[in-house]
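Because only heavy atoms are used, hydrogens play no part in the values below, and waters and symmetry mates are left out as well, while side chains stay in. Here is how names work: the chains are called A, B, and so on, in the same order as the sequence lines, proteins then strands, and each is numbered from 1.
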Amino acid sequence: MKISAPKGTRDILPAEITRWQWVERAFAETCANYGYQEIRVPTFEYTELFERGVGDTTDVVTKEMYTFTDKGGRSLTLRPEGTAGVVRAYIENGMASLPSPVRLFYDITAFRYENVQKGRYREFHQFGAEAFGAEGPAVDAELIHLLQQYFARLGLKQTSLHINSIGCPVCRASYNELLRDYLRPHLGTLCETCNVRFEKNPLRVIDCKVERCQTVTKNAPALLDNLCSDCAEHFAGLQHHLKLLGIEPVIDRGIVRGLDYYTRTVFEFVSEHVGTQGTICGGGRYDGLVESIGGQPTPGIGFALGVERLLMELEAQKLELPQPPLLPLYLAPLPTTRDAAALLCARLRERGIGVATDLIGRSLKAQLKYAAKTASAVIVVGDTEVETGKAKLRNLSDGSETEINLNDLDNLAELLKK
RNA sequence: GUGGGAUUAGCUCAGUUGGUUAGAGCGCCAGAUUGUGGCUCUGGAGGUCGUGGGUUCGAUUCCCAUAUCUCACCCCA
């Protein structure tokens, strides 16, 4: 045991792969119901894409990227999130000429160099969806409804939807000045980080967790109350659509989001179980992103969902998760009938039946023990059975036996499918 | 980047006030009159006690460093 998996990575073993496949499949099917099509984009991109797309002042870009130089001297980066790559693909492949809006979803691994803790890894999985070309709030509501339906399908409860609007560049700029004016007299009270935030992105001061910062910001003007009329109308429209769909959001002025590209609508699905990593899913609108990466001005909105966090939450809620299936049949030969069993096994597999037989010369007793753990039925293939063709199919869960004919494989295959 | 806890068999963990061949349960493999599983009994395989230094006659045990895991801050999914 010399080499272990790198820090922040983990193996997903057969014992848990079934639940992964389950959430992946449910996500793909839910997206399909809403007209979202899957897109697969590269695991690494030119570093510049993330610097421009995610924002070169964000923690994700400045401190957490896996960046390297390849043998051709290019600076490449393992994707820290999915949106930038999808936007790049949208532009590069001329998808703007497709019928609008363009709806896409993805299922990816992403990479961030940061300290590991509960629900957070250096290589992690995200599901996401993006919609391009729709400006009005209806598409915002569509994505939120999609997520709500996905969670319902999985049986997930106790997650609440938090929404906010962080405005457009115009109203955010004027708000930032308003906020700075409010904060300036209190700079001495604010923590060190917040003094940096004051210059860089004063919005973030509001969600600082240091107590003395919170007392300062308690009466600070809220961005939500200082939106320009277009943004305010958009946010009101979103609430109207959500109400129409029967979704009740929590208006949360504290949602700010750490990625620079967000505009207007931002939202999170939050759980109470996962502790401080309670945000299972986060997303928002990014109306300026396509243009800043070099495309035509195009409104866009999307979300990313942390798959590890989703699975943790499903477990925390003690929901019944699918278990790895047992093999339908095990064939137990004796030393004299190994060839006959091997042939029978192959013939059944050719008919699409999941079946296994002994490969290592185990005793009959040991084979039955093995079968009890790995299969749901067993047939002992002995000399008598091979000669007469008559054998017993034993159900390993209740011990019941059924007479079968080893020469009538189609019939046996039918029986096993039940 | 900062701080707390941990690291002994595949897994969950004992243990030694520093002393010969380091233990248990589960799991795995095999056997209990050589054709019938789950229970029981018996036996077996499997460990450089995370790694590297130091103190000591002697270190799994004490000290230092380091790695990894884990939890939290920050940030994010």
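Counting only Watson-Crick and G-U wobble pairs whose two distances sit under 3.5 Å, RNA chain B takes part in these stems of three or more pairs: B:1-7 with B:67-73, B:10-13 with B:23-26, B:28-32 with B:40-44, B:50-54 with B:62-66.
In this structure, Tyr182(A) places its OH atom where more than 12 heavy-atom neighbours from other residues, nucleotides or ligands lie under 6.0 Å away. Heavy-atom neighbours of Gln149(A) CD from other residues, nucleotides or ligands within 6.0 Å: above the threshold of 12.
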Are any protein N/O atoms closer than 3.5 Å to N/O atoms in nucleotides 1-3 of chain B? If there are, list each pair with its distance.
| unit_1 | atom_1 | unit_2 | atom_2 | d |
| --- | --- | --- | --- | --- |
| rG1(B) | O6 | Asn115(A) | ND2 | 3.3 |
| rU2(B) | O4 | Asn115(A) | ND2 | 2.6 |

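As judged by a 4.0 angstrom heavy-atom cut-off over every strand, Tyr121(A) is placed among the base-contacting residues. Contact annotation for Ala332(A): no contact, since no heavy-atom pair falls under 4.0 Å across all strands. Among the protein residues, Gly8(A) comes within range of the sugar-phosphate backbone only, with heavy atoms under 4.0 Å from sugar or phosphate atoms but none that close to a base. Counting any heavy atom pair closer than 4.0 Å across all strands shown, Arg120(A) reaches a base atom.
For residues 328-343 of chain A, the side chain to side chain donor-acceptor pair (under 3.5 Å) pairs, not counting sequence neighbours, are Tyr330(A)-Gln367(A), Thr336(A)-Asp383(A), Arg338(A)-Asp358(A). Annotation: side chain to side chain donor-acceptor pair (under 3.5 Å) contacts involving residues 128-148 of chain A, sequence neighbours excluded, comprise Tyr34(A)-His145(A), Tyr36(A)-Glu142(A), Thr83(A)-Glu130(A), Arg103(A)-Glu142(A), Tyr106(A)-Glu130(A), Glu130(A)-Tyr286(A), Asp140(A)-Thr265(A), Asp140(A)-Arg285(A). Sorted pairs that involve residues 391-418 of chain A and meet ring pair (Phe, Tyr, Trp, His ring centres under 6.0 Å), not counting sequence neighbours, are lacking altogether.
Atom pair Leu147(A):CG and rA77(B):C1' shows a separation of 12 Å (rounding to whole Å applied). When the P atom of rA77(B) is taken as reference, atom CZ of Phe303(A) falls 13 Å away, rounded to whole Å. Computed from coordinates, the Leu359(A) CG to rC29(B) P distance equals 14 Å when rounded to whole Å. In this structure, the CD1 atom of Ile360(A) is 8 Å from the P atom of rC29(B), given to the nearest Å. Put simply, CG on Asp11(A) is 16 Å from P on rG10(B), counting in whole angstrom units. Atom CD in Glu308(A) sits roughly 16 Å away from atom C1' in rU70(B) (whole-Å rounding).
Of the candidates Leu311(A), Leu310(A), Leu319(A), Thr30(A), Leu154(A) forms a side-chain contact (heavy atoms from CB on, under 4.5 Å) with just one, namely Leu310(A).
A donor-acceptor pair is defined here as one N or O able to donate and one able to accept, closer than 3.5 Å; such a pair exists between the side chain of Arg79(A) and the backbone of Val41(A). Judged purely by atom type and a 3.5 angstrom limit, Asn164(A) uses its side chain to pair as donor or acceptor with the backbone of Ile255(A). Checking side-chain atoms of Asp398(A) against main-chain N and O of Ser400(A) turns up a donor-acceptor pair under 3.5 Å. In this structure, the side chain of Glu123(A) does not engage the main chain of Gly8(A) through any donor-acceptor pair within 3.5 Å.
For Tyr262(A), taking side-chain heavy atoms from C-beta onward, the closest of the listed nucleotides rA77(B), rC71(B), rC29(B) is rA77(B). Minimum atom distance to the side chain of Asp59(A) is reached by rC74(B), of the listed rC29(B), rC74(B), rC69(B).
Within the structure, a side-chain polar atom (N or O) of Gln117(A) is placed less than 4.0 Å from OP1 or OP2 of rA72(B). One finds a side-chain N or O of Ser363(A) lying less than 4.0 angstrom from the OP1 or OP2 phosphate oxygen of rG31(B).
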> Can you give one letter per nucleotide of nucleotides 34-44 of chain B, 5' to 3': B if a protein heavy atom sits under 4.0 Å from the base, S if only from the sugar-phosphate, - if neither?
Replying inline: -BBBB------
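For rU60(B) and rU20(B), the C1' atoms lie 15 Å apart once the distance is rounded to whole Å.
Between Tyr150(A) and Phe27(A), the ring-plane angle classifies as perpendicular under the 30° and 60° cut-offs.
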